[in-house]
Amino acid sequence: MAALAGMEEEAEAPSAELDAEAAGLDDPDEPPPPLELDDLAVGSDENAELLNGSSMYFEKGGGIPVDPVVTNLSEDLGDMRDLDFKEPLRSNGSNGRLLSLSPSLSGGGGSMQMFDSGGEDAGSCRKRKNRVLLPLEVGTKLTCRWRDDKYHPVTIIERKKVNDEYHYYVHYSEFNRRLDEWVKLDQLNLDATEADAVEKVEDKGLKMTRHQKRKIDETHVEEGHEDFDAASLREHEEITKVKNIGKIELGRYEIDTWYFSPFPPEYSDCNKLFFCEFCLAFVKRKEQLQRHMRKCDLKHPPGDEIYRNGSLSMFEVDGRKNKVYSQNLCYLAKLFLDHKTLYYDVDLFLFYILCECDDRGCHMVGYFSKEKHSEEGYNLACILTLPPYQRKGYGKFLIAFSYELSKKETKVGTPERPLSDLGLLSYRGYWTRVLLDILKKHRGNVSIKELTDMTAIRSEDVINTLQQLELIQYRKGQYVICADPKLLDRHLKAAGRSGLEVDPSKLIWTPYKEQEDGSLMKTYSSKKAAHKASGV
Ligand code: ACO
Ligand code: ZN
């Protein structure tokens, strides 16, 4: 293997040659070959715009919406999760959701009618005269007053009659689908024609390509669905277009859901589901949950506790051994994961459940799943931090944990694609921080392969990240890593907090081993080695 990148901490920006072979690159005499970066394409302007345009964030704390058209991911993304859950139900309730809409005016729905709107346009203050047929048709594009009291372009996805009044399920073209919601007629600006709505997207500075616009217009789908073909995308969209469960109660929290989840049909008529926070059984009524809680003797997830550090524990749950728990977890997780198909065959997966433990038990904070055997080299299938716990570093902890497992397996790994917007942000942040930390400390040359060996991060993700950071350049026929310490520091600062650390010495785990007959077994019973689940 040829030589490699010098990472000495020198005052001058030291450039070192990067092992082109190790980086999976071809003859360096050729003009710069495209650093074939995987399906993330994180650097492209196109993607960045989509990401910005489709996610909605709020400033922390106040719950006051900021302008949804965010132009700088690292600087401007606030925190929208604050809006998605109530603080402990035991509190006095003053921390209610901030979803309140203005009081309903008369719906005007019910029978078919022509709405003759004239005069002042509430959204744009332009005079116009439009004739709108009520009730509004599915597919109609207009603008809708949102939580920031501004009008945003929407498409009507569905409508329903509630007490003689039509309610409309709308998708905001500028935001991620998790912000789709039911609204009443008085929130809709009937003066905003279809053309106005499209115009507004452009006004907002969302410089979208025609392709992106078509994507939003036709399928109202954003990032994370690139791997779907058009037919499956339409099918996915049709089935999942309206959230079926509005909120859930889980432990101390009531949480607004984000997406559709295919709960059995008998649960389709209830807006709220009640989950047992330990066994994840779900029921339709609070009294049923209370009855269940009196009988349920679990105080932590089933399976083996494979990590404990202070009040944090990780449990490994085998989908084959704990089928019902694993299926319930999948139903629950799908409420917050848009682009994942629900696997009914949980046998093939292991689930790693992160818990915060106290004297009442081990409370699930988040989890990730992992195939027992992945042809594609995935070390993580789905990852979720429950909304009340988001933006506290648990996501980075879960990601780091997945790589610690890969290290124990002496494999490199990568998360299953496609990544969601939040998944991409979290992974990008994790990769950046891990690689920069090494580059900062490392003395002497280092190859992509060595970086991969040290971190268990797949080489494409290493290259991709370094290229994003503009740390790889093509000079005189060769790729070099430019590791200017000042630049590294700047990037590290921008990479944000490091999150909760995983202490590898606290991980008691052995990898699964494939048997000759294709079945998977632990090399020895993890039960013997692992802490016995504490049962606090
Ligand atoms: N706004 C802006 N940046 C965000 C946000 C947000 N709402 N959420 C995460 N980030 C970025 C930030 O850079 C953050 O670091 P910082 O807080 O230091 O700035 C970083 O991601 C990770 O933050 P964590 O607190 O460590 O992660 P969190 O516990 O919030 O979990 C996760 C991240 C798992 C992606 C969570 O957002 C989630 O569960 N989302 C819903 C499900 C999902 O999309 N999962 C990924 C699907 S892809 C897959 O499964 C392979
Ligand atoms: Zn239970």
Side-chain angles (χ1 to χ4, degrees), residues 248 250-251 261-263 275-282 296 298-308 312-337 339-357 361-374 376 378-387 389-390 394-406 408-409 413-416 420 423 426 502 507-512 519-522 525-527 529-534:
I248 58 164
L250 180 75
S261 178
F263 282 92
F275 279 82
C276 165
E277 64 166 325
F278 301 118
C279 74
L280 301 185
F282 48 88
C296 183
L298 267 186
K299 285 284 176 270
H300 53 80
D304 302 320
E305 189 182 17
I306 59 168
Y307 180 91
R308 191 191 301 177
L312 276 193
S313 279
M314 277 293 251
F315 290 82
E316 183 188 62
V317 178
D318 184 329
R320 191 175 58 78
K321 293 185 196 153
N322 292 286
K323 228 183 174 89
V324 175
Y325 177 90
S326 305
Q327 281 169 348
N328 291 348
L329 177 61
C330 289
Y331 281 128
L332 170 66
K334 180 63 194 68
L335 292 168
F336 305 99
L337 284 156
H339 59 293
K340 295 288 182 189
T341 351
L342 198 78
Y343 294 106
Y344 290 96
D345 197 0
V346 289
D347 288 24
L348 307 176
F349 290 86
L350 294 163
F351 298 85
Y352 294 92
I353 322 291
L354 175 60
C355 293
E356 264 181 2
C357 304
C362 297
H363 314 281
M364 181 167 83
V365 162
Y367 88 103
F368 69 88
S369 56
K370 176 182 166 105
E371 283 172 277
K372 291 174 180 170
H373 174 76
S374 167
E376 297 88 349
Y378 295 138
N379 65 351
L380 179 146
C382 291
I383 178 170
L384 168 73
T385 304
L386 289 164
Y389 298 97
Q390 287 178 5
Y394 291 116
K396 282 181 210 146
F397 178 93
L398 289 167
I399 293 172
F401 201 91
S402 70
Y403 283 108
E404 286 306 323
L405 298 187
S406 295
K408 288 238 176 198
E409 292 172 320
T414 191
E416 190 180 300
S420 67
S426 305
V502 177
L507 171 63
I508 302 178
W509 184 80
T510 50
Y512 273 79
S519 64
L520 294 153
M521 271 184 66
K522 282 255 180 186
S525 162
S526 60
K527 272 227 166 73
H531 310 288
K532 193 87 180 97
S534 55

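In this chain, residues are counted from 1 in sequence order. Scope of the values below: all heavy atoms of this structure, side chains included, with no hydrogens, waters or symmetry mates.
Closest of all the heavy-atom pairs between P301 and I353 is CG-CG2, 3.8 Å. Scanning both residues, M314 and F368, for their nearest heavy atoms gives CE-CE2, 3.7 Å. Residues N322 and P302 come closest through the heavy atom pair OD1-CB, 3.4 Å. Between F336 and P387, the shortest heavy-atom distance links the atoms CE2-CG, 3.5 Å. Counting all heavy atoms, side chain and backbone alike, N379 lies closest to P415 at OD1-N, 3.8 Å. Residues F275 and N328 come closest through the heavy atom pair CE2-O, 4.4 Å.
In this structure, CZ on F278 lies 9.5 Å from CG on L250, to the nearest 0.5 angstrom. Between the NZ atom in K370 and the CD1 atom in I383 there is a gap of 12.5 Å [rounded to 0.5 Å]. Atoms CD and CD1, from E316 and I508 in turn, are 12.5 Å apart once rounded to the nearest 0.5 Å. Annotation: the span from H300 atom NE2 to C279 atom SG amounts to 12.0 Å, rounded to 0.5 Å. If you take SG on C296 and CD on E277, they are separated by 9.5 Å, rounding to the nearest 0.5 Å. Atom CG of residue D345 and atom CZ of residue R320 lie 11.5 Å apart, to the nearest 0.5 angstrom.
E356 has its side chain within reach of L312: a pair of non-hydrogen atoms, C-beta onward, lies under 4.5 Å apart. Residues L507 and V502 are not in side-chain contact: their nearest non-hydrogen atoms beyond the backbone lie 4.5 Å or more apart. Side-chain contact between S326 and F349: absent, with no pair of heavy atoms (C-beta onward) separated by less than 4.5 Å. In this structure, K334 and P262 have side chains that are in contact, with non-hydrogen atoms separated by less than 4.5 Å. Annotation: side chain of L384 is in contact with side chain of Y367 (closest heavy-atom distance under 4.5 Å). Counting heavy atoms from C-beta on, the side chains of I399 and S426 come closer than 4.5 Å. Using a 4.5 Å cut-off on side-chain heavy atoms (C-beta onward), F351 and C330 make contact. Within the 4.5 Å cutoff, the side chain of L354 has no heavy atoms near those of the F401 side chain.
Ring-plane geometry between W509 and Y352 is classed as perpendicular, the angle between the planes exceeding 60 degrees on a 0 to 90 degree scale with a lower cut at 30.
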Between V324 and L280, is a side chain to side chain contact (heavy atoms under 4.5 Å, CB included) present by the stated rule, with each step listed?
CA-CA 9 Å; V324 175; L280 301 185; over 6 Å; no
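Between the D304 side chain and the I306 main chain, no donor and acceptor come within less than 3.5 Å of each other. The backbone N or O of T385 lies less than 3.5 Å from a partner atom in the side chain of Q390, making a donor-acceptor pair. Of the possible donor and acceptor atoms, one in the side chain of K372 sits under 3.5 Å from a partner among the backbone N and O of D347. Side-chain atoms of S261 come within 3.5 Å of backbone N or O of Y331 as a donor-acceptor pair.
Between Y307 and F397, a ring centre-to-centre spacing shorter than 6.0 Å is recorded.
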